[in-house]
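Below is one structure; the comments refer to it alone.
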Amino acid sequence: MGNTLNTSSSTGAQLSLKSITQKIKSCETKKIIIMSGAGISTSAGVPDFRSPNLGIYFKLQKYKLPYPEAIFESSYFNKNPEPFYALIRELYPKKLVPTTTHKFFKLLENKNLLTRIYTQNIDALEHLVHIDSQKIIEAHGTFQTNTCLKCGHTNNLKWFKEQLDKQTGAVKCLKDSCNGVIKPDLVLFGDSLPLRYFNNIKPDFKDCDLLIILGTSLTVQPFASLITEGPSKMDRLFINLTKPGKVGGLAGLFMGGDVTFNRENDCIEMDYCDKVVEKICLDLGWQEELKNIEFDVLGE
Ligand code: CNA
């Protein structure tokens, strides 16, 4: 039975964290996929969407938008990028430092256990622990790169962060005095998800042994439906502070309305991601390696 909270009794999840680590130790678990969300980056100072009083939706109230989601809509950004930039200046930390959870992902890669990271996060923190970019699928795009909407010139995150400090309002392209608006390479509402996302799901999940889902409310589609991929013998470990959300629309019908983890090979840990991954590493004797993962820091 699950070993934290009342998780097993209240949800039906029956696998313990110990069994998960045991299967890694015995090499029964060889292929791991990560599914991550905003909760893995809150300890790096990047707020999530939905935590009360701290989440982004709470902070949006002052921007006088027609409706809160407008700030993340492509059509609204193209007309009026200023509120988006005001929000980014407020929320994106001046100094970017990856968390223990990001280091854990790198450790899985080092151990040759990582098939892929599917992330909803746009903060680019995975790149600071030097995970092979082929192993990362940023379903909603990334701040790692950005493109001028006028001339198509691209720049990296370091340049973008410097320009956020130097320029006011929307960041503008400096190439040959182009002055076009720069858009980080994000998938805003109205944009389609990257092809890499769709193309890799079947091959990645077909022989996956363990899916680790962390720091996500599982309310955004189509990403949330990824939990239904994979063979039935695949173990699932859900690590989050709160219970997963309701799924609406067609996907909700398909998934039965609620996101549930009630299979006999599900494990739920309702706790901080950093704390749970430390527990996993302690059990596997990986604490030193976790501590020694090298990382970059961006900004001051
Ligand atoms: P969400 O809906 O805000 O959910 C985050 C979840 O994480 C919540 O259920 C929290 O309870 C939980 N949580 C918060 N902190 C922790 C923690 N330390 N340990 C464990 N759990 C925690 O975010 P989702 O990712 O589910 O929603 C998808 C949206 C959020 C995507 O479109 C992202 O682009 C978008 N987003 C990304 C970032 C980022 O890049 N860091 C930040 C904010 C929003």
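Owing to the predicted nature of the structure, the values given are computational and were not obtained by experimental measurement. Counting starts at 1 for both ligands and their atoms, in listed order.
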Are any of the heavy atoms in [X] under 4.0 Å away from ligand 1?
X	answer
D274	no
G141	no
S43	no

If we ignore hydrogens and angles and just use 3.5 Å, is the side chain of [X] paired with the main-chain N or O of [Y] as donor and acceptor?
X	Y	value
T142	Q144	yes
K106	I293	no
D123	F143	no
K161	P93	yes

Atom indices of ligand 1, in the order listed, that fall short of 4.0 Å to a heavy atom of [X]:
X	result
G37	25 (O)
C273	19 (N), 20 (C)
G215	5 (C), 6 (C), 7 (O), 21 (N)
T216	6 (C), 7 (O), 24 (P), 26 (O)
H140	31 (C), 32 (O), 33 (C), 34 (O)

[X], any N or O under 3.5 Å of ligand 1 N or O:
X	value
I122	yes
L241	yes
P47	no

Side chain, backbone, both or neither: [X] near ligand 1, heavy atoms under 4.0 Å:
X	result
T42	side chain
D271	backbone
Q120	both
S41	side chain
V46	side chain
T242	both

So among I32, I137, I33, I131, which one has a side-chain contact (heavy atoms from CB on, under 4.5 Å) with I117?
-> I131
For L149 and F77, run side-chain contact (heavy atoms from CB on, under 4.5 Å): C-alpha distance rounded to whole Å, both residues' side-chain angles, the deciding distance at 0.1 Å, then the answer.
-> CA-CA 11 Å; L149 290 180; F77 180 93; 3.9 Å; yes
K31 and side chain to side chain donor-acceptor pair (under 3.5 Å): which partner among D207, T115, D204?
-> D207
Residues at least two apart in sequence or cross-chain that pass side chain to side chain donor-acceptor pair (under 3.5 Å) with N240, listed by chain then number, are T242
Side chain to side chain donor-acceptor pair (under 3.5 Å) with Q167: which residues, sequence neighbours excluded?
-> Q163
If we ignore angles and hydrogens, is there a donor and acceptor under 3.5 Å between the side chains of E73 and Y67?
-> yes
Take F84 and L186, measure what side-chain contact (heavy atoms from CB on, under 4.5 Å) needs, and give me the verdict at the end.
-> CA-CA 12 Å; F84 173 89; L186 307 181; 3.7 Å; yes
